[in-house]
Amino acid sequence: MKRSRIGDLPMRVIYRILAAVIVVVLAVVAVVVGFVMSGSSGQPDEGPPGPIAAPSAATPSSGVSSPPPSASASSSASPSTSSASSASPSQTAVLATPAPDRSAVVAALADPRVPDLPRDKRLTLLPGKPYKGKTRLQDNKAGVSLARFGKPWKLYGASPFSTKQVLPAAKGAAHRAMIVSCPVPIQVQQDPKDTALLAARWTLNHHPKGSKIAWTASQPIKGGWLLAYRVKYEVKGKPHFSQAAVTVTEVPGAKPAMIFVTIPDVQRSHWRDINTAVSSLRLK
């Protein structure tokens with residue numbers, strides 16, 4: 001039998017060894033190519049993408065925006081607890097990002113219904129009996145809790161807020177007395193006082209047409225600001241007004257929480273409830 005020059009092995013054995021090596025090399029190359037192709041194919045089996053932050057809502061030229069979905073959802077079936085917000089942490093962080101300038105504030109102060117902001121002045125005790133109840137109302141959307149008032153106050157359909165308490169409709173009143181809470185329904189500003197201003201202007205949507213604001217108090221509160229005001233309007237040609245107040249309070253990782261209270265003059269015996277409501281806000 002013929003021998004090879006590189007050794008004593010028969011040639012057919014060497015050929016078999018070379019063929020086996022070639023097969024192995026080709027198999028390895030095929031596996032590598034397949035792996036590379038699958039890694040750059042962009043097919044669904046790559047796994048889910050990372051979270052994408054929702055864009056912040058644009059602020060219209062008037063400086064007032066529509067309530068975000070979290071503020072327009074109705075309350076939960078439980079009368080003492082609102083439903084939790086469905087926004088992801090990244091979405092919430094974007095929503096809480098302050099506006100880059102004061103253009104919305106400038107537009108709000110150009111509104112003839114809204115006077116210039118007053119100098120700081122504390123809210124005085126309003127007429128009426130102080131409420132002494134200790135029951136709390138949880139607002140999961142805003143991340144806060146506040147006082148839950150007893151009779152004649154009652155819970156009511158919350159939309160477009162997170163929680164809502166109302167007094168019975170009063171004869172001669174152009175609107176219903178209410179205490180509500182929610183994440184602020186306007187774009188957050190660098191200064192909490194400016195955020196409170198935009199919130200107060202927004203509340204005119206829940207007062208009679210033609211209402212105008214007259215400030216009665218402006219003061220810092222823990223983590224935010226309070227603005228109190230009279231809302232002047234007419235009912236059947238006669239002048240009337242409501243006592244009202246808004247507070248905005250910082251909530252970690254989310255939009256500030258807002259409490260808004262308005263009580264018409266025909267129910268002035270409950271005006272002291274404004275003091276109780278705005279001072280009762282607590283972070284959950």
If you measure from CD1 on Ile259 to CG on Leu146, what distance do you get to the nearest 0.5 Å? 4.5 Å
Check Lys255 against Val184 and note the closest heavy-atom contact, atom names and distance. NZ-O, 3.0 Å
Roughly how far apart are His270 NE2 and Ile263 CD1, rounded to 0.5 Å? 7.5 Å
Do Val266 and Met178 sit in the same hydrophobic cluster, where Ile, Leu, Val, Met, Phe, Trp and Tyr count as joined when their side-chain heavy atoms come under 4.5 Å apart? no
Would you say the side-chain atoms of Thr247 pair up with the backbone N or O of Leu226, donor to acceptor, closer than 3.5 Å? no
Minimum heavy-atom separation for Val248 and Pro192, please, with both atom names. CG2-O, 3.5 Å
Heavy atoms only: give me the nearest Pro115-Leu109 pair and the separation to one decimal. O-CD2, 3.6 Å
Tell me, do Phe260 and Cys182 make a side-chain contact under 4.5 Å, heavy atoms counted? no
Hey, are Thr163 and Ser181 close enough side-chain-wise for a donor-acceptor pair under 3.5 Å? yes
Report yes if some heavy atom in the side chain of Thr203 is under 4.5 Å from a heavy atom in the side chain of Val246; otherwise report no. yes
Pair Lys193 + Asp120, salt bridge at N-O below 4.0 Å: yes
Could you check, using the six-membered ring where one of them is a Trp, whether His206 and Phe161 have ring centers closer than 6.0 angstrom? yes
Does Asn275 use its side chain to pair, donor to acceptor, with the backbone of Leu126 at less than 3.5 Å? yes
Closest heavy-atom contact between Arg282 and Arg136? CG-NH2, 3.1 Å
How about Leu155 and Lys164: do any of their side-chain heavy atoms sit closer than 4.5 Å? no
Output yes when a side-chain donor or acceptor of Asn205 lies under 3.5 Å from a complementary backbone atom of Trp202, and no otherwise. yes
Side chains of His207 and Ser242, donor plus acceptor under 3.5 Å: no
Min side-chain heavy-atom separation Trp215-Leu197 under 4.5 Å: yes
Under 3.5 Å: donor-acceptor pair, side chain of Gln165, backbone of Ala147: yes
Over 60° means perpendicular and under 30° means parallel, so classify the ring planes of Phe149 and Tyr131, tilted if in between. tilted
Does atom CZ of Arg230 have more than 12 heavy-atom neighbours, drawn from other residues, nucleotides or ligands, at distances under 6.0 Å? no
Parallel under 30°, tilted from 30 to 60°, perpendicular over 60°: which one fits the rings of Trp271 and Phe241? tilted
